[in-house]
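Read the structure below first, then the notes.
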Amino acid sequence: MPPTTTGSPESGTDERPQPVPAGRLLVVEDEEKVALALRQGLEGEGYDVVVETTGEGAFFRLARDRFEVVLLDLMLPGRDGLEILSALRKQGLDTPVVVLTARDTLDDRVVGLDAGADDYLVKPFAFAELLARLRAVARRGRVSEADRLAVDTLEIDRATRRVTRDGQAIELTAKEFDLLHYLTRNARQVVSRDTLAREVWRETARSTTLDNVIDVHISRLRRKIDLDHPVRLIHTVRGVGFMLRAGEP
Ligand code: CA
């Protein structure tokens, strides 16, 4: 078992941002032959490939593992590809997704990409075309991940330092912005006070004073982001730190 950083309370004391592994792909495909062909072809191109054969499997894999791009078949047993995709996007997953689909199951939501897909390919497709799309979305994905983040209805644009919730602009101080950006970039992971001291306040050591400053900033963010909102984003993980995610921690 490779070590994974899941943001569990045990691992939360020294949580570092998990980089997106370049060239690591998740292929979600239930047809064995197709999955095998994709794996062999992509590994031949130097990609590191993980295959999941069910939507459920993909969902749980993506909750704990990061990938540069996801290749998602739409017709899956159990929960289908679109259902999985929209659930993951609601949870703030920003990994680029390329949908693979047969023409007769091509959904309008995919064509319009409003299901949260970044691109789609109709089966059968040329392998060279798949490689070209992968490179394109990986490039775009990295840019958008760095510059624009979204969890639930919270949107953050790093370039313009603009923050909105439900489309309404939220005014933040520079430090509040840095803190929120850090938490959002590491959404669904426990972020410890140590990490915040180091990464946001640029302090090498924690102190009681700094802990108080962090707590004050967290409660101001809560007032601005979460107050009266049905979906709370900023959660306290008792004894460890904080976690930004939609819903219960
Ligand atoms: Ca299928």
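Throughout, numbering of the chain's residues begins at 1 and tracks the sequence. Just so we're clear, the structure is a prediction, and the values are computed from it rather than from any experiment.
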Considering all heavy atoms, the nearest [X]-[Y] contact:
X	Y	result
G81	L72	O-CD2, 3.4 Å
M243	Q189	CG-O, 3.4 Å
D118	R89	OD1-NH2, 2.9 Å
G41	F127	C-CZ, 3.2 Å
R133	Y120	NH1-O, 2.7 Å
D226	I234	OD2-N, 2.9 Å

> With hydrophobic residues grouped by side-chain heavy-atom distances under 4.5 Å, do M75 and L88 end up in a single group?
Replying inline: no

>> Test of understanding: clusters of I, L, V, M, F, W, Y form through side-chain heavy atoms closer than 4.5 Å, transitively. Do V70 and L36 belong to the same one?
In response: no

> Using a distance-only test with no angle check, is there a side-chain donor-acceptor pair under 3.5 angstrom linking H229 and D166?
Replying inline: yes

> Can R222 and T236 be counted as having a side-chain donor-acceptor contact under 3.5 angstrom?
Replying inline: yes

Would you indicate whether the side-chain heavy atoms of [Y] and [X] approach each other to under 4.5 Å?
X	Y	answer
L244	L180	yes
E83	F59	no
F242	D215	yes
R158	L149	no
L179	L196	yes
L172	R220	no
R61	F67	yes
E56	R79	yes

When rounded to the nearest 0.5 angstrom, what distance separates [atom1] in [X] from [atom2] in [Y]?
X	Y	atom1	atom2	value
R24	D48	CZ	CG	5.5 Å
L221	L233	CG	CG	10.5 Å
T184	I225	OG1	CD1	8.0 Å
K224	E171	NZ	CD	8.0 Å
I214	S207	CD1	OG	8.0 Å
T54	D73	OG1	CG	11.5 Å

> Can you list the steps and then say if E29 with K123 is a salt bridge (charged side-chain N to carboxylate O under 4.0 Å, His left out)?
Replying inline: CA-CA 12 Å; E29 170 64 75; K123 294 174 179 177; 2.9 Å; yes

> Between I218 and R193, is a side-chain contact (heavy atoms from CB on, under 4.5 Å) present by the stated rule, with each step listed?
Replying inline: CA-CA 11 Å; I218 289 283; R193 287 190 173 80; over 6 Å; no

>> Whether the side chain of K175 engages the backbone of W201 through a donor-acceptor N/O pair (distance < 3.5 Å, no angle test) should be reported.
In response: no

>> Using a 3.5 Å distance criterion without hydrogens, assess whether the side chain of E203 forms a donor-acceptor pair with backbone atoms of A197.
In response: no

> Where do L71 and L42 land on the side-chain contact (heavy atoms from CB on, under 4.5 Å) test, with the steps shown first?
Replying inline: CA-CA 11 Å; L71 290 182; L42 291 166; 3.9 Å; yes

So, [X] and [Y], do they make that salt bridge, N to O below 4.0 Å?
X	Y	result
D94	R188	no
R161	D178	yes
E45	R135	no
R162	D157	no

> After noting the C-alpha distance and the side-chain angles of T195 and N186, does the key distance pass the side-chain contact (heavy atoms from CB on, under 4.5 Å) rule?
Replying inline: CA-CA 11 Å; T195 304; N186 295 281; over 6 Å; no

>> R245 vs V151, test: side-chain contact (heavy atoms from CB on, under 4.5 Å). Steps then yes/no.
In response: CA-CA 7 Å; R245 60 168 291 164; V151 175; 5.6 Å; no

